[in-house]
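Here's the structure we're looking at; comments come further down.
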Amino acid sequence: MDKFVNKSSCIYDAKSPRKKIKLESDKRIENEDEGGEFSHPVPWQKIEAEGLDCDYALLFSKEEAHHLFKQLEEEVVYSTGEEAKVQLFGKVHNIPRKQATYGDAGLTYTYSGVTRLACPWTPTLEYIRDAVTKTTVQTFNFVLVNRYKDGQDHMGEHRDDEKELDPLCPIASVSLGAPRDFIFRHRDARGKQSHRQIKPVKLELAHGSLLLMNSPTNTFWYHSLPVRRKISLPRINLTFRRILLGRKK
DNA sequence: AACATTACAAACGG
DNA sequence: TCCGTTTGTAATGT
């Protein structure tokens, strides 16, 4: 069995009050003044493998994360009807989760042959976007919201390799609600006849956490959120992205 | 025109 | 039997 990334390898436990310490790895320090909105540096955990480069941190306290989850439950309007379906191998399926797209005016996002228009940012999505921006020193103009009502809702293995994404901008994934397993698999280690034996990278995405998927992770590694039948509580995931203006082809 | 597929379900294995 | 993982899919959009 592959070991999950051990959360206890963080500098300190998220459940305890955050201490003021400066870390080389804290991306926040560069653009932050003392006593600002985020006076507590985030301890980052580096996750690396061949062609995989991610950073993981607990961005929100349990209390704040709970509040944000509640606000999103009130604000976010999810796609229905045709927008909630996907066509694959010639068959139409309902997606096994709920999905919504928000972002700057006029932006569109296409995957699996379906193009969606970004809804205008809600106050809570803007708040979370700004918190992620302050932490990562990156700007984002779009967010894909996925809501998993319980452990039966899931997302299959895929890469975020759409052409309209800025290839050098990381994808910032914020998790709220039930913790869920998240699995990366190298593209050369998939399928029955794969020559290479590269172990999957597995982690658990905690309530209030932020996972940064840096380039070139999405070129070489697929990721999925598998079914976990024992989980009965919902999870909301926000993936902030930078979409290039002016559609490319 | 090759190629990949954000879906499910059947087949396995523990 | 239950749960998790792997395999096949055979149409379509890029």
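Throughout, protein chains are lettered first and strands after them, A, B, ... in sequence-line order, and every chain is numbered starting at 1.
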* Asked: For DNA chain C, what dot-bracket results from Watson-Crick or G-U pairs at under 3.5 Å, with [ ] for crossers and | for inter-strand partners?
  -> .||||||||.||||
* To do: Side chain of A:K202 only, please: which of C:dT6, C:dT5, B:dA7 is the nearest?
  => C:dT5
* Using atom NE2 of A:H93 as one end and atom P of B:dA9 as the other, report the distance to the nearest whole Å. => 8 Å
* Asked: Taking atom P of C:dG4 as reference, at what distance in whole Å does atom CD1 of A:I183 sit?
  -> 10 Å
* Identify whether any heavy atom of A:D160 sits under 4.0 Å from a base atom; if not, whether one sits that close to sugar-phosphate; answer base, sugar-phosphate or nothing. => base
* Would you say the side chain of A:V143 lies within less than 4.5 Å of the side chain of A:I128, judging by non-hydrogen atoms? -> no
* Kindly say whether A:T139 contributes a backbone atom to a donor-acceptor pair with the side chain of A:T133 at under 3.5 angstrom? => no
* Asked: Can you tell me how far the CG atom of A:N146 sits from the OG atom of A:S173, to the nearest 0.5 Å?
  -> 9.0 Å
* To do: Check whether any side-chain nitrogen or oxygen of A:H154 sits under 4.0 Å from OP1 or OP2 of B:dC8, and answer yes or no.
  => yes
* To do: Under 4.0 Å between any heavy atoms, over every strand shown, what does A:Y109 touch: base, sugar-phosphate, or nothing? Just pick one.
  => base
* Measure the distance from NZ on A:K85 to C1' on B:dC8 and round it to the nearest whole Å. => 15 Å
* To do: With rounding to the nearest 0.5 Å, note down the distance linking CG in A:L233 to CZ in A:R180.
  => 11.0 Å
List every contact pair, protein side and nucleotides 9-13 of chain C side both N or O, where the distance is under 3.5 Å.
| from | atom 1 | to | atom 2 | distance (Å) |
| --- | --- | --- | --- | --- |
| C:dA11 | O4' | A:G90 | N | 3.3 |

* Asked: Looking at the side chain of A:R159, which of C:dT6, B:dC8, B:dT5 is the nearest nucleotide?
  -> B:dT5
* To do: Rounded to the nearest angstrom, tell me the gap between atom CD in A:E157 and atom C1' in C:dG4.
  => 14 Å
* Aromatic ring pairing A:F184/A:H223, orientation class (parallel under 30°, perpendicular over 60°, tilted between) -> perpendicular
* Using the P atom in both, what is the distance from C:dT1 to B:dA10, to the nearest Å? -> 16 Å
* Asked: Can you tell which of C:dT5, C:dT14, B:dA7 lies closest to the side chain of A:R228?
  -> C:dT5
* Structure fact -> From OH of A:Y222 across to P of C:dT6 the rounded distance in Å is 15 Å
* Check the pair A:N214 / A:D53 against side-chain hydrogen bond (donor to acceptor under 3.5 Å, both in side chains), numbers first and verdict last. => CA-CA 5 Å; A:N214 304 303; A:D53 177 0; 3.3 Å; yes
* Asked: Does a side-chain N-to-carboxylate-O contact under 4.0 Å join A:E50 and A:R196?
  -> yes
* Whole angstrom is fine here: how far is it from CG in A:L225 over to C1' in B:dT6? => 11 Å
* Quickly work out the A:I171 CD1 to B:dT6 P distance and round it to whole Å. => 14 Å
* **Point-to-point distance, once rounded to the nearest 0.5 Å, from CG of A:L212 to CD1 of A:I47** => 10.0 Å
* To do: When you get a sec, tell me which of B:dT5, B:dC8, C:dT14 is the closest nucleotide to the side chain of A:R190?
  => B:dT5
* Hey, is A:D150 close enough to A:R229 for a salt bridge, meaning N to O under 4.0 Å? -> no
* Consider the side chain of A:R229, meaning its heavy atoms from C-beta on, and name the nucleotide among B:dT6, B:dC8, C:dG4 that approaches it most closely. => C:dG4
* Give a yes/no on whether any side-chain N or O of A:Y111 is located under 4.0 angstrom from OP1 or OP2 of B:dT5. => no
* In whole Å, what is the span from the CD atom of A:E164 to the P atom of B:dT6? -> 13 Å
* Over 12 non-hydrogen atoms of neighbours within 6.0 angstrom of NZ in A:K85 -> yes
